[in-house]
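Working notes for the structure below.
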Amino acid sequence: MSTHTAHVAPARTTRRSRTARTVLCVTTLIACVPYLALKIAWIAGSRIGIPEGSALRRDSNSLMALNALTVLMDTAVIALAFLLTRPWGQRVPSWLLALPMWGATGLLAPIVTVFPAQTLAAAVRGGSPGDGGGSPDALLAPWVWSLVYTGFIVQALALGTLFVLYAGERWAHLWRGRIGALPDSPTRSARRLTAAAVAVLSLLPATTHLLWASGSTTGLNAARAAATDLDSRLNDAGYVLFALLTAVGALALGYGRSRRVPLLLPLAATWIGSGALAGWGGWLTLTTLSVSAGDPKLPSPLLSLTYAVQMIVGMLVAVAGAHFFAEREAARCA
């Protein structure tokens with residue numbers, strides 16, 4: 001191969017990579033439009049997509065606050081897309097990117113996993129996901145769920161691909177190798193203790209969500225029990241999956257000795273699983289803070305405990321992960 005050809009090939013690869021990232025960034029931005037448009041319309045007073053009997057028409061103050069917050073959250077997705085695409089994004093402190101990306105992964109992963117299953121189930125029964133079985137007091141019109149959640153799935157796939165490309169360039173050295181090849185570390189005992197704590201705590205959300213996924217209403221508040229349907233049970237089944245991913249990934253990182261399993265595998269499982277547990281545990285807790293005593297939507301003790309434990313699991317994983325990667329980086333620079 002001539003010197004000229006050798007220089008041209010990398011240049012073409014770079015151009016293709018930039019083009020691909022630009023396409024992914026634009027795709028993410030377009031996917032945010034339906035959600036942002038609806039939220040801004042609702043903040044402005046419109047009730048498009050909200051049926052007459054929906055409880056959202058009676059929760060004007062809390063709805064306004066939550067709509068404003070979710071607009072900021074989706075705007076953060078746009079900021080992340082640019083950060084992962086532009087050259088200046090490589091200079092952003094690691095934690096400032098990793099933390100919101102972990103949160104975004106956690107909030108979007110259950111939608112990517114569960115919504116297609118809900119759509120398939122709805123098609124089999126001749127309905128639409130989120131239609132509440134044709135109930136007149138459905139929360140939102142079926143087309144809203146389909147439009148918004150399809151947008152979320154596109155956001156997740158495009159933003160996730162951008163993050164994988166970005167992380168592979170900046171941090172790939174942190175997860176190279178096999179689990180059994182991890183070097184001895186003075187923090188190994190602490191890592192094992194944390195892994196065991198994460199696994200044990202994950203049992204609670206795994207058990208409660210499994211109960212609710214099977215159709216039981218044990219420990220549910222009145223509103224949640226009355227709203228239990230196939231869609232909600234599929235949601236709970238998804239949380240069981242993410243609790244198991246978190247526990248298995250944490251135990252593999254703390255106690256694994258296999259020289260065949262790539263380190264990336266349990267790291268990815270723990271990242272996604274803990275993000276989903278913590279993100280939705282936190283969000284569902286936040287949405288009930290304004291509920292007063294006596295309201296049927298007030299979370300039951302078991303429901304509140306489940307959400308709290310999910311957030312604790314997430315915090316444990318986040319702190320342990322930060323220490324793990326800092327230790328790996330320090331060993332590389334030594």
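Sequential numbering from 1 along the given sequence is applied to the chain's residues. Everything numeric in this text was worked out from a predicted model, so none of it was measured.
- Side-chain contact check for Leu80 versus Leu97: some heavy-atom pair is nearer than 4.5 Å.
- At a threshold of 4.5 Å between non-hydrogen side-chain atoms, the residues Leu284 and Gln310 do not count as touching.
- Listed here is the closest heavy atom pair of Thr27 and Ala158: CG2-CB, 4.2 Å.
- Listed by first and then second residue, the salt bridge (Lys or Arg N to Asp or Glu O under 4.0 Å) pairs involving residues 178-187 are Asp184-Arg188 (not counting sequence neighbours).
- Residues Arg224 and Trp212 are in side-chain contact: their nearest non-hydrogen atoms beyond the backbone lie under 4.5 Å apart.
- Judged as a side-chain hydrogen bond (donor to acceptor under 3.5 Å, both in side chains), and not counting sequence neighbours, Arg328 has no contacts.
- Using a 4.5 Å heavy-atom cutoff, the side chains of Trp42 and Met64 are not in contact.
- Applying the salt bridge (Lys or Arg N to Asp or Glu O under 4.0 Å) rule to pairs touching residues 308-319 yields nothing, sequence neighbours excluded.
- Membership of an apolar cluster is not assigned to Val33, as no side-chain contact below 4.5 Å to another ILVMFWY residue is traced.
- For CD1 of Ile48, the number of neighbouring non-hydrogen atoms (other residues, nucleotides, ligands) closer than 6.0 Å is 12 at most.
- Listed by first and then second residue, the ring pair (Phe, Tyr, Trp, His ring centres under 6.0 Å) pairs involving residues 67-95 amount to none (not counting sequence neighbours).
- For the residue pair Thr19/Arg15, the side-chain donor-acceptor check at 3.5 Å is not satisfied.
- By the side-chain hydrogen bond (donor to acceptor under 3.5 Å, both in side chains) test, Trp271 is found to be paired with Thr105, residues two or more places apart in sequence or in another chain being considered.
- When only modelled atom types and interatomic distance are considered, Ser216 and Ser214 share no side-chain donor-acceptor pair under 3.5 Å.
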TODO: Could you please spell out the steps behind the side chain to side chain contact (heavy atoms under 4.5 Å, CB included) verdict for Arg18 and Thr14?
DONE: CA-CA 6 Å; Arg18 288 175 180 169; Thr14 300; 3.6 Å; yes

